[in-house]
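Below is one structure, written out as structure tokens; comments come after it.
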There are 2 protein chains.
Amino acid sequence: MVNAMKATRRNTWQREAVKKGLADFADSISAQGLHTFLGQEGVDMGLATVYRSLSVLVEEGLVDAIQSPDGEALYRLCASGHHHHLICRNCGFTVEIEAPDMEKWATAEASKHGFTKPEHHMEVFALCANCTAKTSAK
Amino acid sequence: MVNAMKATRRNTWQREAVKKGLADFADSISAQGLHTFLGQEGVDMGLATVYRSLSVLVEEGLVDAIQSPDGEALYRLCASGHHHHLICRNCGFTVEIEAPDMEKWATAEASKHGFTKPEHHMEVFALCANCTAKTSAK
DNA sequence: TTTGGTGCAAAACCTTTGCATTAGG
DNA sequence: CCTAATGCAAAGGTTTTGCACCAAA
């Protein structure tokens, strides 16, 4: 038996704070961003702990992590329905969009290649109307 | 007139080496990995130049960049058409998959919200057949 | 009491940048 | 010539880690 006894996970207010922070933010946010956000809400905890809590939450399947194009990890509670984001690559303005067939498609593609437990992370980066106007006037 | 004359792009053996390296490797590889790989093939060039060359190639649309789950950027020659990746989250085994409607969908969704120049980054992470077997036997 | 968790700061990592030098056109 | 591109090393930004102390069970 390789399985040594699994260490018991303790509940700390810090980990709760991270969960609550994510819930309050209700959108993808970076670890550092979340740390700052919590600070503004009066929750004072170490940055390392935010990282560690997020790892735990991801491991437990309560939080979803994606990589932004510039290499930061973004986290968000992966509870409510799976939606995707349309993000302005210039000003950051974000809109939620739906991809009804994506789920089915990902699952189909995955099993076609013998993969199981598919999970898709997708973001559409574009220029919002505002920034399109500004930018085209280059 | 903001538009100064566009600087001419010069051809250097370094940039060619990067292209050839990617072709030889024929799979996603990180910038650092590519630098090492080139070194082993006797091509000696600066790491910074590898990064710079990759940026240029991505900008020119010859190379595709994706973000690995652990925060590195992975590059590969983007042969023809826009494809996506199905990546085993355990062993890293990757398969190319196609999403014929994705392009249309992203564009439609974007313009529906007034966004322009959409670019979608999407990855499907799952467990390959091999790792599914191993993991389920936990 | 036991031993996960935390905070802090240092370290590890990938990537970008400043600057003098080289070399493409 | 002119100046883009390179190489090197230093700097930047995110994430991880070592260690002493604290607190959940």
Side-chain angles (χ1 to χ4, degrees), chain A residues 3-22 28-39 41-60 62-76 92 121 123, chain B residues 3-22 25 28-39 41-60 62-76 92 121:
Chain A
N3 228 336
M5 194 168 329
K6 185 164 75 181
T8 359
R9 185 143 281 158
R10 297 178 181 173
N11 298 327
T12 62
W13 65 264
Q14 286 94 332
R15 189 144 53 232
E16 286 308 309
V18 165
K19 258 196 278 191
K20 181 163 188 316
L22 285 174
S28 297
I29 185 172
S30 70
Q32 315 229 18
L34 181 55
H35 179 241
T36 303
F37 179 65
L38 288 171
E41 299 217 312
V43 177
D44 195 38
M45 57 182 287
L47 176 58
T49 303
V50 172
Y51 276 101
R52 284 188 278 230
S53 299
L54 286 170
S55 301
V56 170
L57 293 173
V58 167
E59 201 173 274
E60 289 178 335
L62 291 170
V63 165
D64 231 18
I66 67 172
Q67 292 288 338
S68 83
D70 29 84
E72 274 180 309
L74 301 181
Y75 303 85
R76 78 147 192 253
H121 296 306
E123 315 280 315
Chain B
N3 225 335
M5 194 168 328
K6 184 165 78 182
T8 0
R9 184 142 280 158
R10 295 177 181 174
N11 298 327
T12 62
W13 64 265
Q14 286 95 332
R15 189 140 57 230
E16 285 309 309
V18 166
K19 259 195 281 190
K20 181 163 186 317
L22 286 175
F25 200 77
S28 295
I29 186 174
S30 70
Q32 315 226 20
L34 181 57
H35 180 239
T36 304
F37 179 66
L38 288 171
E41 299 218 312
V43 176
D44 195 39
M45 57 183 287
L47 175 58
T49 303
V50 172
Y51 276 101
R52 283 188 280 231
S53 298
L54 286 170
S55 300
V56 169
L57 294 173
V58 167
E59 200 174 276
E60 288 178 336
L62 291 169
V63 165
D64 233 15
I66 68 172
Q67 292 287 339
S68 84
D70 27 85
E72 276 181 305
L74 302 180
Y75 302 85
R76 66 175 296 167
H121 294 301

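The analysis underlying the following values was restricted to heavy atoms, covering all of them including side chains, and did not include hydrogens, waters or symmetry mates. Here is the naming used below: chain letters follow the sequence lines, and residue numbers restart at 1 for every chain.
Residues satisfying the side chain to side chain contact (heavy atoms under 4.5 Å, CB included) criterion with B:Glu60, sequence neighbours excluded, are B:Arg9, B:Val56, B:Leu57, B:Leu62. For B:Glu41, there are no side chain to side chain donor-acceptor pair (under 3.5 Å) partners, not counting sequence neighbours.
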Give every donor-acceptor pair under 3.5 Å between a side-chain atom in residues 42-51 of chain B and any protein atom, sequence neighbours left out.
residue, atom, partner, partner atom, Å
B:Tyr51, OH, B:Gln32, NE2, 3.3

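B:His35 has its NE2 atom 12 Å from the C1' atom of D:dT6, to the nearest Å. What separates CG of A:Leu54 from C1' of D:dT14 is a distance of 13 Å, to the nearest Å. The CD atom of A:Gln32 sits 12 Å away from the C1' atom of D:dT16 (whole-angstrom rounding).
Rounded to 10 degrees, the angle separating the terminal axes of the helix from C:dT1-D:dA25 to C:dG25-D:dC1 is 40°, with each axis obtained from five end pairs.
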Please list, for nucleotides 5-10 of chain C, all pairs of protein and nucleotide N/O atoms separated by less than 3.5 Å.
residue, atom, partner, partner atom, Å
C:dT6, OP1, A:Thr12, OG1, 2.9
C:dT6, O3', A:Gln14, NE2, 3.0
C:dG7, OP1, A:Gln14, NE2, 3.3
C:dG7, OP2, A:Gly46, N, 3.0
C:dG7, OP2, A:Thr49, OG1, 2.4
C:dG7, N7, A:Arg52, NH2, 2.8
C:dG7, O6, A:Arg52, NH2, 3.3

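Summarising the geometry of A:Ala65 relative to A:Val58, their closest heavy-atom pair is CB-CG2, 4.3 Å, with the distance given to 0.1 Å. Pairing each heavy atom of A:Ala31 with each of A:Leu54, the nearest pair is CB-CD1, 3.8 Å.
Atom CD1 of B:Ile29 and atom NE2 of B:His35 lie 11.5 Å apart (nearest 0.5 Å). For the atom pair OG (B:Ser30) and CZ (B:Phe37), the distance works out to 12.0 Å, reported to the nearest 0.5 Å.
For the OP1/OP2 pair of C:dT16 and a distance below 4.0 Å, the side-chain nitrogens and oxygens of B:Tyr51 include no atom meeting the criterion.
The main-chain N or O of B:Phe25 is never found under 3.5 Å from a side-chain atom of B:Arg76 such that the two would form a donor-acceptor pair.
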